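Because the structure is a prediction, the values reported are computed rather than measured. Whatever order the structure lists them in is the order used to number ligands and atoms, beginning at 1.
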Amino acid sequence: MINSKTKLLGLIGHPVEHSLSPLMHNAALKNKGLNYIYLAFDVKSSRDLKAIVEGAKALGIVGFNVTVPYKIHIIKYLDKLNYEAELIGAVNTVKIDGDMAIGYNTDGLGARMALEEEIGIVKNKNILIIGAGGASRAVAFEMAKNNNITIINRTPENAKKLSNEISKKLNRIVQYGDLSTNIEGFDIIIHTTPIGMFPNENVKPVIDVDKISKNMVVMDLIYNPKETVLLKEAKKRGAKTINGLGMLIYQGAIAFELWTGVKPNIEIMKKSLSNF
Ligand code: NAP
């Protein structure tokens, strides 16, 4: 029941009307008996970001998620960043702590937790990351901490930039290339481009799927559709496949705990998204 003690959480981005976060967070809050509500706010201009952070502090809003296109732009209005947000250079979660707005990035760890839930600890693996955009940055920085990663991208220059940045910050060698790079020999492939996403599901994957073999794990960050064309092709070739729902759930679960101090029930979060 909403009453005078109800605390506010939310999401800012544009567009947000198809976001699954309100469904997932409100189900988890209810399950834990926490008197919070999570709402989606469609923010049409980055000009409003300053007012949003100030307003959140003034109103005692507990925190909010940040999605496309504001994950980078929000940073200049925050008072502090945690290690991951600083490393990745983007924020997907803000916590208001008194008069401080603190930025976090839970996307990379969320992706790791989703992957490890399926295949166990991921360490010293050869990982191919397809794409060099925002989601790739979070995943690449996280996975490069203890794996050998290669980033390939439509615009190889962007893959080179990201790989150089990771090499410099984490002091590890990161390979890069274009989409024609030979994908044989990788243990894990993580696809981070929007190719195959609803409503453009019937497209050609951006890599040569005939090179996928049965001992590979193929993860697609897309969760709509649940099985992308890439995952279908990978499954046909015997690979283990993982969609983006797990990452969505775990990045949310980490944020939930940052805000409320309570670990959410992952099964309840999963169930809340089972019919979307
Ligand atoms: P983004 O920053 O716009 O990056 C897009 C990437 O895709 C870039 O590397 C871009 O290459 C590449 N790309 C775009 N169009 C392409 C094409 N026609 N052919 C080949 N490559 C193409 O997007 P993002 O924010 O990283 O999001 C990417 C995907 O991840 C989306 O589908 C999103 O839904 C998903 N995602 C999922 C989660 C989750 O929780 N599961 C979280 C975040 C994002 P160039 O550098 O050449 O432009």
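For residues 7-31, every residue pair satisfying the side chain to side chain donor-acceptor pair (under 3.5 Å) rule, not counting sequence neighbours, is listed here: His14-Asp42. For the side chain to side chain donor-acceptor pair (under 3.5 Å) condition, the pairs that include at least one residue of residues 68-78, sequence neighbours left out, are Lys71-Asp107.
Checked by atom type, the side-chain pair Arg112/Asn146 shows a donor-acceptor distance below 3.5 Å.
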Ligand 1: which protein N/O atoms lie under 3.5 Å from its N/O atoms?
residue	atom	partner	partner atom	Å
ligand 1	2 (O)	Gly134	N	2.9
ligand 1	9 (O)	Ala132	N	2.8
ligand 1	9 (O)	Gly133	N	3.4
ligand 1	9 (O)	Asn153	OD1	2.7
ligand 1	11 (O)	Asn153	OD1	3.2
ligand 1	18 (N)	Arg154	NH1	3.4
ligand 1	26 (O)	Gly134	N	3.2
ligand 1	26 (O)	Ala135	N	2.7
ligand 1	40 (O)	Leu248	N	3.4
ligand 1	41 (N)	Leu221	O	2.9
ligand 1	41 (N)	Gly244	O	2.9
ligand 1	46 (O)	Asn153	ND2	2.7
ligand 1	46 (O)	Asn158	ND2	2.8
ligand 1	47 (O)	Arg154	NE	3.0
ligand 1	47 (O)	Thr155	N	3.1
ligand 1	47 (O)	Thr155	OG1	2.5
ligand 1	48 (O)	Arg154	NH2	2.9

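Cluster note: Ile173 groups with no other residue, as no ILVMFWY side-chain heavy atom lies under 4.5 Å from it.
For the side-chain contact (heavy atoms from CB on, under 4.5 Å) test with Phe64, the passing option among Leu8, Thr93, Ile52 is Ile52; the others fail.
Here Lys50 pairs with Glu54 in a salt bridge; the nearest charged N to carboxylate O distance falls below 4.0 Å.
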